[in-house]
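Below is one structure; the comments refer to it alone.
Values below: every heavy atom of this structure, side chains too, minus hydrogens, waters and symmetry copies. Protein chains get the first letters and strands the later ones, always in sequence-line order, with residue 1 at the start of each.
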Amino acid sequence: MICEVIQPSLFLLIYLKTNMSDHKGKSGDLEAMRHSLAHIMATAVQQIWPKARFGVGPAVGDGFYYDIDLGEATISEEDFGKIEAAMRKVIKADQPFERSEMPIDEAIEWSEKAAQPYKTELLNDLKRAGTTAAGDLDPGELGTIAEGESKVDKVSFYRNGEFTDLCRGPHVASTGKVGAFKLMRVAGAYWRGDEKRPQMQRLYGVAFATEEDLDRHLKMLEEAKKRDHRRLGQELDLFTFSDLVGPGLPLYTPKGAVIIEELKNALKELGRDHDMQTVSIPHLAKLELYKTSGHAEKFEDELFRVKSHYDQEFVLKPVNCPHHTQIYAARPRSYRELPIRYVEQTMQYRDEKPGQIGGLQRTRGFTVDDGHTFCRVDQIEQEASVLVEIIRDFYKRLDLWGDHWVSLSVRDPATPDAYIGDPKDWDQAEKMLADVATEYKLGAKRMEGEAALYGPKIDFMFKDALGRETQLATIQLDFAMPKRFGLTYTDKDDKEVPPVMIHRAILGSFERFIMLLIEHTAGRFPIWLAPEQVRLITVNQEAATVDFAAGVLAKAKKLGLRAAVDNSNESVGKKIRAAELAKVPYTVVIGEKEIDSGEVTPRIRQDMAVQGDGRSLGVDEFLKTVAHEAKARVTKTSV
RNA sequence: GCCGGCGUAGCUCAGUGGUCAGAGCAGCUGUUUUGUAAACAGCGGGUCGUGGGUUCGACUCCCUCCGCCGGCUCCA
């Protein structure tokens, strides 16, 4: 059973690779099934709580949900058993889904009579605008709009047994044809996504065509939990949190710090290769700075305030751009010296709401590889191109490229007033970024309304073990902040012109990046990032063995390797197991054989091992090879 | 922040009103001197997250706070 540890993770990886890419191409049948299950669940809920008021209930992701308001009562997970039982009864009854249409005014009357105020609101929106506002509904809940009409005249309903629901469909033919399902969780969800509106309970289920598919999905979730970075962070002793230090403030252990340091070094090298200049700034600044930048107003609640005894009010920096502008502003600038590329790896602080904090995904203090390029408009395209290349190469090297999607975040044309800056600048900037995205075949999705206040951006989005998306690398164009700070350079016609600012990050925050790295590799880091690269295991505790191991260790350290000796009084098998669980890339057993021959037989961590491994080689040769790989920062082994 | 859930040893967990508590792993000590995924034995370790309440009696029931988890909202 050599595969007891690795097997499930490989399974998961394959599952994720096959399922994450095709989530859009979900079969219509499955979607109809899931959507039908939402109705069946609502049927069951209505039986148990007759006063239940319903919001929306679409098929989504791997299953379905329904938003429900029970008034005084609440649904908790304890209720799942009886809800599922009631659902099974409805399924067993095999009630047909019957479609009907009625004029919208009649539908409104119906919903009022049925005491379904949320449905009434939806219907009124449909009647007034022909659609419900702002994409807050998933497909399947809208009414029918007559051809060539802008407003809805008729809406469709689906009925099964006692339960009737406003719904566009489609559904399966009858409640008996819905495959396998399981209720998963209940969560709060604001009506129409608005925190000022009532909060409903969102009841989630997963559903698949067959029991086997469902089991596979549930098994996959179990495997995903095993590679959760919070769990592995503890198991591999990478970071911790302390109630005394505070939530959202990760503490990196020596092993975790190794990964950060190695990543920092890799980025520093990239910076040197691309003429970036490292700067360094203090971690707080006068509130005034952020009033000027606009952050104080827009992100008031997220600022950590620091009071001086001498009556200045300071703020822990939530971003670095304002500081960087002041370095730029320290002396007059000529068009000749642009672009100026300031970078630094530094911690920033945001007073996140308690509910947002979790693991390394969202922390209150986090280290960013932040950078700001000041350049001319005619330099934007070149600068952005180089950044795309750097980002692509960096993620490729870590085998992360491909598990992502790219957002070309542009203005929402419906709300031009929500942005600052000259629309002509915007047009140009958006076009430049789009061109770069096309040139580098990023497959970027144009996301209207996702632009920053000050400019369009390209965001690189990745998924964690459970499929939740997170932004890492980003390239943002900014015409506004230089103007707010009155930055200029002298153009060749001797005119003072504001520069363009490009905010950029390659790995985003180290916290998030490490989260992704842990979950992607399940803690099996490439050699150059592995906190411990070589472990020497002694066969016994006799002086000759221990001394020999110490000699190898010293050589390894001299070569810059991170190595350790395990000469504890345990069996070789147990020590091997410990090394494998610690995910150490190379394990070397040292005993009489090695002492006599001067050769070792490295045991290679299972994910890196290939056919033909297991040959013996001289100690020096082995160590030099590993050291070479570590230095080259490669992800695959060749020993 | 909001809704729901959870909080017993370093870790994973058992123990639902009645000797203020157990197991495995980890740790320590001893025996063993071990050859590629778990040797054997012994020992130490918990004011059952915190504060309050109910009760003759609370890890067990109720409330406050702290923290964590899943969502929602937010994400410069």
Side-chain angles (χ1 to χ4, degrees), chain A residues 1-6 65 67-70 74-79 184-204 225 228 230-231 234-235 237 240-244 246-248 290 293-299 301-303 317-322 348 350 352-359 361-362 368 370 450 452-455 457 466 468 470-471 474 476 478 480-481 503 509 512 537-542 545-546 567-582 587-594 601-604 606 614:
Chain A
M1 283 310 293
I2 53 164
C3 286
E4 63 174 286
V5 177
I6 193 170
Y65 70 77
D67 283 348
I68 300 159
D69 180 356
L70 293 186
T74 52
I75 299 173
S76 80
E77 287 182 24
E78 283 176 25
D79 301 316
M184 296 301 281
R185 65 180 77 95
V186 58
Y190 296 107
W191 171 234
R192 311 191 79 169
D194 182 347
E195 64 180 323
K196 290 180 188 74
R197 313 280 325 252
Q199 191 164 34
M200 311 182 73
Q201 288 194 289
R202 180 167 295 178
L203 200 47
Y204 283 95
K225 273 188 204 159
D228 187 309
R230 291 165 296 199
R231 175 176 172 152
Q234 184 195 65
E235 281 177 14
D237 189 25
T240 188
F241 291 90
S242 155
D243 285 358
L244 266 180
Y290 300 102
S293 70
H295 292 102
E297 192 188 354
K298 190 157 186 208
F299 300 103
D301 294 341
E302 281 80 43
L303 297 181
K317 65 183 167 80
V319 288
N320 305 301
C321 24
Q348 51 193 42
R350 296 179 186 176
E352 299 286 356
K353 294 179 193 167
Q356 323 294 8
I357 293 168
Q361 152 65 27
R362 187 88 72 96
V368 289
D370 204 3
E450 292 294 312
L453 173 76
Y454 45 68
K457 51 185 186 157
L466 286 166
R468 294 175 292 205
T470 196
Q471 180 206 307
T474 184
Q476 312 180 351
D478 179 357
M481 205 176 296
H503 307 244
S509 89
R512 276 188 189 174
I537 288 176
T538 57
V539 166
N540 56 45
Q541 294 179 299
E542 284 161 14
T545 317
V546 173
N567 60 11
S568 60
N569 183 11
E570 299 287 353
S571 66
V572 171
K574 186 164 180 173
K575 292 198 269 190
I576 292 280
R577 177 178 153 84
E580 194 72 48
L581 291 176
T587 305
V588 175
V589 175
I590 289 176
E592 217 173 310
K593 212 167 69 188
E594 286 71 23
T601 311
R603 183 193 160 95
I604 301 170
Q606 293 194 355

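Contact of A/Glu580 with B/rU36 (side chain to base): no donor-acceptor pair of N or O atoms is detected under 3.5 Å. For A/Glu77 and B/rG70, a side-chain-to-base donor-acceptor distance below 3.5 Å is absent, hydrogens and geometry of angles not being considered. At a cut-off of 3.5 angstrom, counting only N and O atoms as typed in the model, there is a donor on one side and an acceptor on the other between the side-chain of A/Arg362 and the base of B/rC75.
Using a 4.5 Å cut-off on side-chain heavy atoms (C-beta onward), A/Val319 and A/Arg350 make contact. Counting only heavy atoms from C-beta outward, the side chains of A/Arg603 and A/Ile537 never approach each other to under 4.5 Å.
Between A/Gly359 and A/Phe241 the shortest heavy-atom distance is O-CZ, 3.5 Å.
Distance, A/Asp228 CG to B/rC68 C1': 12 Å, rounded to whole Å. Following rounding to the nearest Å, A/Leu244 (CG) and B/rG49 (C1') show an atom-to-atom distance of 12 Å. Spacing between atom CZ of A/Phe241 and atom C1' of B/rG67 amounts to 12 Å, rounded to whole angstrom units. A straight line from CG of A/Leu203 to C1' of B/rG70 spans 13 Å, rounded to a whole angstrom. For the pair A/Leu70 CG and B/rG4 P, the computed distance is 11 Å after rounding to whole Å. Rounded to an integer number of Å, the gap from CD of A/Glu352 to C1' of B/rC74 is 8 Å. Straight-line distance from the CG atom of A/Asp69 to the P atom of B/rC3: 13 Å, rounded to whole Å.
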Taking only nitrogen or oxygen atoms into account, show me every contact under 3.5 Å that the protein makes with nucleotides 24-29 of chain B, one pair per line with its distance.
| from | atom 1 | to | atom 2 | distance (Å) |
| --- | --- | --- | --- | --- |
| B/rA26 | OP1 | A/Lys574 | NZ | 3.1 |

Nucleotide N/O to protein N/O under 3.5 Å, stretch nucleotides 8-11 of chain B:
| from | atom 1 | to | atom 2 | distance (Å) |
| --- | --- | --- | --- | --- |
| B/rC11 | O3' | A/Gln234 | OE1 | 3.3 |

_Which nucleotides of RNA chain B pair, in dot-bracket form (Watson-Crick or G-U under 3.5 Å, | meaning another strand)_ = (((((((..((((....[...)))).(((((.......))))).....(.(((..]....))).))))))))....
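Stacking between A/Tyr204 and the base of B/rG71 is absent under the criterion of ring centres within 5.5 Å and planes under 30 degrees.
Separating the P atom of B/rU33 from that of B/rG18 is a span of 50 Å, rounded to the nearest Å. Nucleotides B/rC13 and B/rG71 place their C1' atoms 26 Å apart, quoted to the nearest Å. Nucleotides B/rG51 and B/rA9 have their P atoms positioned 16 Å apart, rounded to a whole Å. If you take atom C1' in B/rG46 and the same atom in B/rC59, they sit 11 Å apart, rounded to whole Å.
The side chain of A/Ile576 lies closest to B/rA37, out of B/rA37, B/rG67, B/rG4. Listed nucleotides B/rU73, B/rG67, B/rA76 differ in distance to A/Phe299; the shortest reach to its side chain belongs to B/rA76. The nucleotide whose nearest atom lies closest to any side-chain atom of A/Lys457 is, among B/rA76, B/rC74, B/rC69, B/rA76. Across B/rU33, B/rG4, B/rU73, the shortest atom-to-atom separation from the side chain of A/Gln541 is found for B/rU33. Side-chain proximity of A/Ala187 to the nucleotides B/rG71, B/rG67, B/rU73 is greatest for B/rG71. When the nucleotides B/rC75, B/rU73, B/rA76 are ranked by their closest atom to the side chain of A/Arg512, B/rC75 comes out on top. Here B/rG70 is the nucleotide among B/rU73, B/rA37, B/rG70 with the atom lying nearest to any side-chain atom of A/Arg185. Closest to the side chain of A/Glu302, from the set B/rU33, B/rG35, B/rA76, is B/rA76. Nearest nucleotide to the A/Gln356 side chain, out of B/rA76, B/rC3, B/rU73: B/rU73.
If you check every strand for non-hydrogen atoms under 4.0 Å, A/Pro247 touches sugar and phosphate atoms only. Among the atoms of the strands shown, only primed sugar atoms or phosphate atoms (P, OP1, OP2) are found under 4.0 Å from some heavy atom of A/Arg230. Within the 4.0 angstrom heavy-atom criterion, only backbone atoms of the sugar-phosphate kind lie near A/Thr74; the bases stay farther away. Nucleic acid contact for A/Gln476: sugar-phosphate only, since backbone atoms but no base atoms lie under 4.0 Å from a heavy atom of the residue. The residue A/Val186 sits close to a base: some heavy atom pair falls under 4.0 Å. A/Gly573 comes within 4.0 angstrom of sugar-phosphate atoms only, judged by non-hydrogen atoms across all strands, and of no base. Across all strands shown, A/Gly359 has heavy atoms under 4.0 Å from sugar-phosphate atoms exclusively, and none from any base. Here A/Glu594 lies in heavy-atom contact (under 4.0 Å) with a base. Within 4.0 Å of A/Lys593, counting heavy atoms only, lies at least one base atom of the nucleic acid.
Evaluation of the salt bridge (Lys or Arg N to Asp or Glu O under 4.0 Å) rule for A/Lys317 yields no partner, not counting sequence neighbours. Scanning for salt bridge (Lys or Arg N to Asp or Glu O under 4.0 Å) contacts around A/Glu570 gives A/Lys574, with sequence neighbours left out. Qualifying side chain to side chain contact (heavy atoms under 4.5 Å, CB included) partners for A/Asn567, counting only residues two or more places apart in sequence or in other chains: A/Thr538, A/Val546, A/Val565.
In the displayed structure, A/Glu592 atom CD is contacted under 6.0 Å by at most 12 heavy atoms of other residues, nucleotides or ligands.
No salt bridge links A/Arg192 with A/Asp194; every basic N to acidic carboxylate O contact stays at or beyond 4.0 Å.
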*Can you list the steps and then say if A/Gln201 with A/Thr74 is a side-chain hydrogen bond (donor to acceptor under 3.5 Å, both in side chains)?*
CA-CA 8 Å; A/Gln201 288 194 289; A/Thr74 52; 5.1 Å; no
*asked:* Quick one, A/Arg512 with A/Arg362, criterion side chain to side chain contact (heavy atoms under 4.5 Å, CB included). Give me CA distance, side-chain angles, the key distance, then yes/no.
replied: CA-CA 8 Å; A/Arg512 276 188 189 174; A/Arg362 187 88 72 96; 3.8 Å; yes
*asked:* Could you go through A/Val589 and A/Val539, starting from their C-alpha distance and side-chain angles, then the distance that decides it, and tell me whether this counts as side chain to side chain contact (heavy atoms under 4.5 Å, CB included)?
replied: CA-CA 7 Å; A/Val589 175; A/Val539 166; 3.5 Å; yes
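Within the 4.0 Å cut-off from OP1 or OP2 of B/rG71, at least one side-chain nitrogen or oxygen of A/Arg468 is found. Distances shorter than 4.0 Å separate some side-chain N or O of A/Arg603 from OP1 or OP2 on B/rA37. Within the structure, every side-chain polar atom (N or O) of A/Arg231 is placed at least 4.0 Å from both OP1 and OP2 of B/rC69. Distances shorter than 4.0 Å separate none of the side-chain N or O atoms of A/Arg202 from OP1 or OP2 on B/rC3.
Here the straight-line distance linking atom CD of A/Glu77 with atom CZ of A/Arg185 works out to 9.0 Å at 0.5 Å rounding.
Within the cation-pi definition used here (under 6.0 Å to the ring centroid, within 45° of the axis), A/Arg197 does not qualify as a partner of A/Tyr190.
By the 30° and 60° cut-offs, the orientation of the rings of A/Tyr290 relative to A/His295 is perpendicular.
Donor-acceptor pairing under 3.5 Å is lacking for the side chains of A/Glu580 and A/Thr587.
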